[in-house]
Amino acid sequence: MPESSVTISGIRNHVGSQHLQRYVNEFDFKYNTRVALGYSDSDRANEALKGIAGKSLTYRRIGGAESSTI
């Protein structure tokens, strides 16, 4: 997967171990929905939107375990 290392070193300056799976999932999604397989930009966007249905965006405050919903 030489393209993944280019993505990580070219765009991501540092990949912490706690976020590595998210980066791998992002690369996997992009690779499996590429133009060579017949996906258009709108197809890819629709697939991404299907994956977030019913979920809320949360973040954890620095220094605390409390979560807030945006």
Side-chain angles (χ1 to χ4, degrees):
M1 266 191 325
E3 190 175 325
S4 64
S5 61
V6 170
T7 301
I8 290 174
S9 65
I11 296 172
R12 315 285 189 223
N13 292 325
H14 174 72
V15 176
S17 59
Q18 71 273 25
H19 299 294
L20 182 59
Q21 188 60 52
R22 290 180 183 180
Y23 292 120
V24 171
N25 291 346
E26 176 187 357
F27 181 78
D28 182 58
F29 175 79
K30 289 178 179 180
Y31 185 79
N32 288 323
T33 58
R34 64 191 185 278
V35 173
L37 294 178
Y39 284 86
S40 67
D41 287 340
S42 61
D43 293 334
R44 191 176 302 111
N46 288 332
E47 287 295 317
L49 290 173
K50 285 180 194 175
I52 64 171
K55 296 181 182 175
S56 60
L57 178 62
T58 60
Y59 67 94
R60 191 172 0 148
R61 294 194 182 276
I62 296 174
E66 175 185 337
S67 290
S68 299
T69 302
I70 298 176

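Because only heavy atoms are used, hydrogens play no part in the values below, and waters and symmetry mates are left out as well, while side chains stay in. All of these numbers come straight from a predicted model, not from anything done at the bench.
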- Query: When you look at CZ of Arg34, are more than 12 heavy atoms from neighbouring residues, nucleotides or ligands closer to it than 6.0 Å?
  - Reply: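 More than 12 within 6.0 Å, yes.
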- Query: When the ring planes of Tyr31 and Phe27 are compared, do they come out parallel, tilted or perpendicular, using 30° and 60° as the limits?
  - Reply: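 Taking Phe27 first and then Tyr31, their aromatic rings lie parallel (interplane angle under 30°).
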- Message: My understanding is that only residues two or more places apart in sequence, or in another chain, count here; which of them pass side chain to side chain donor-acceptor pair (under 3.5 Å) with Arg44?
- Response: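 Per chain and number, Arg44 pairs via side chain to side chain donor-acceptor pair (under 3.5 Å) with Thr33, Asp41.
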- Item | Any residue meeting side chain to side chain donor-acceptor pair (under 3.5 Å) with Gln21, in chain and number order, not counting sequence neighbours |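 With sequence neighbours excluded, Gln21 shows a side chain to side chain donor-acceptor pair (under 3.5 Å) to Asn25, given in chain and number order.
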- When you check the gap from the basic side-chain N to the acidic O, do Lys30 and Glu26 get nearer than 4.0 Å?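 Yes, charged N to carboxylate O under 4.0 Å.
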- Message: Main chain of Ser42, side chain of Asn46: is a donor-acceptor contact present, judged purely on distance under 3.5 Å?
- Response: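 Looks like yes, one N/O pair under 3.5 Å.
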- Message: Could you report the tightest heavy-atom contact between Tyr39 and Asn32, atom names first, then the distance?
- Response: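 Between these two residues, the closest heavy atoms are CE1-O, 3.5 Å.
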